[in-house]
Amino acid sequence: MAAAATARSGFRRMFSISAFSPPKPATPPPKADPSPNLFVSGLSKRTTTDGLRDAFAKFGEVIHARVVTDRVTGFSKGFGFVRYATVEDAAKGIEGMDGKFLDGWVIFAEYARPRSPQQQDMNSQPQQSWGPPSSSWGAQ
DNA sequence: ATTGAGCGT
């Protein structure tokens, strides 16, 4: 039965030709920087802020939750934001609500990005002269 | 004043 071994070796060599090296060293998971802010998408139009907060409050202490709604129509845009007390609570919230159902729609929880360099910390308000510009007061 | 991926009044 040496022929079998030889044939197996040949097959082995044939399928061992790695001319096509997959340029995928690792799967690019949608991992973002840990942050207490969570971005929840896939929400239903009927989902409101209270429902979102109630759904995420079961996995951690939710500091603030908000469902983005259109300013003109006032209807939900289908996504919202949830802020936890700590990043670990946020992780638990993601692992607990990501890919789950909410109001009949599969929601996706992920770390939210910094909205703007400003309005993040009121304490870091830049210096500004609190004195009136001695002008533009009598104008208009 | 809907759309179904997305990042906020």
Side-chain angles (χ1 to χ4, degrees):
Chain A
M1 310 288 190
T6 304
R8 247 189 345 199
S9 276
F11 276 35
R12 190 84 172 96
R13 278 201 303 115
M14 276 179 68
F15 289 95
S16 293
I17 300 177
S18 311
F20 304 95
S21 45
K24 297 175 183 176
T27 59
K31 186 179 65 178
D33 295 338
S35 166
N37 281 62
L38 260 60
F39 170 72
V40 185
S41 56
L43 294 176
S44 178
K45 301 298 191 323
R46 302 171 298 188
T47 306
T48 177
T49 300
D50 188 68
L52 185 66
R53 180 165 54 98
D54 184 72
F56 278 81
K58 297 182 293 186
F59 299 93
E61 185 180 357
V62 176
I63 299 300
H64 183 66
R66 172 193 285 171
V67 172
V68 178
T69 54
D70 190 81
R71 189 173 64 91
V72 181
T73 64
F75 288 95
S76 175
K77 287 184 179 177
F79 63 92
F81 294 90
V82 176
R83 174 173 290 186
Y84 277 98
T86 58
V87 294
E88 59 184 6
D89 285 348
K92 291 191 295 183
I94 292 178
E95 295 295 329
M97 285 302 298
D98 180 59
K100 298 299 161 45
F101 284 88
L102 185 59
D103 289 341
W105 283 84
V106 180
I107 67 175
F108 296 95
E110 193 175 335
Y111 295 105
R113 306 183 191 161
R115 190 173 144 233
S116 188
Q118 277 184 343
Q119 200 167 356
Q120 273 188 336
D121 191 3
M122 283 185 185
N123 230 347
S124 296
Q125 197 171 13
Q127 288 180 341
Q128 189 174 11
S129 300
W130 283 85
S134 71
S135 235
S136 307
W137 281 93
Q140 165 13 352

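Here the structure is a predicted model, which is why all the values come from computation and not from measurement. Chain identifiers are assigned alphabetically (A, B, ...) following the order of the sequence lines, protein sequences preceding nucleic acid strands; residue numbering begins at 1 within each chain.
- Whole-Å rounding puts the A/His64 NE2 to B/dC7 C1' distance at 14 Å.
- Toward the 5′ end of DNA chain B lies the nearest nucleotide of A/Leu43, the other residue of the pair A/Arg71 and A/Leu43 mapping further downstream.
- In this structure, of B/dG8, B/dC7, B/dG4, it is B/dC7 that holds the atom nearest to the side chain of A/Arg113.
- Considering all non-hydrogen atoms of both residues, A/Val67 and A/Ser76 come closest at CG1-OG, 3.2 Å.
- The side chain of A/Ser41 sits closest to B/dG6 out of B/dG6, B/dG4, B/dC7.
- In this structure, A/Asp98 contributes its side chain and A/Ala109 its backbone to a donor-acceptor pair below 3.5 Å.
- Residue-environment remark: CG (A/Asp33) stays at or below the threshold of 12 foreign heavy atoms within 6.0 Å.
- Nucleic acid contact for A/Ile107: none, since no nucleic acid atom lies under 4.0 Å from a heavy atom of the residue.
- Separating the CZ atom of A/Arg46 from the P atom of B/dT2 is a distance of 15 Å, rounded to the nearest angstrom.
- Between A/Ser35 and A/Ala90, the shortest heavy-atom distance links the atoms O-CB, 3.7 Å.
- Nucleic acid contact class of A/Gly42 (heavy atoms, under 4.0 Å, all strands): base.
- Taking the 5.5 Å centre cut-off and the 30° plane limit, the aromatic side chain of A/Phe75 is not classed as stacked on B/dA1.
- Between A/Tyr111 and A/Phe39, the gap from one ring centroid to the other reaches at least 6.0 Å.
- With hydrogens and angles ignored, no donor-acceptor pair closer than 3.5 Å exists between the side chain of A/Asp70 and the base of B/dG8.
- At whole-Å resolution of the value, CZ in A/Phe108 and P in B/dC7 are 15 Å apart.
- At B/dT9, one or more side-chain N or O atoms of A/Lys77 fall inside 4.0 Å of OP1 or OP2 (strictly under the cut-off).
- Picking from B/dA1, B/dC7, B/dG4 the nucleotide with the shortest atom distance to the side chain of A/Phe79 gives B/dC7.
- Distance from the side chain of A/Arg115 is smallest for B/dT9 among the nucleotides B/dG6, B/dC7, B/dT9.
- Rounded to an integer number of Å, the gap from A/Phe39 CZ to B/dG8 C1' is 9 Å.
- Using atom P as the reference point in both B/dT2 and B/dT9, the two lie 16 Å apart (nearest Å).
- Comparing A/Asn37 and A/Lys45, the nucleotide of DNA chain B nearest to each residue sits closer to the 5' end for A/Lys45.
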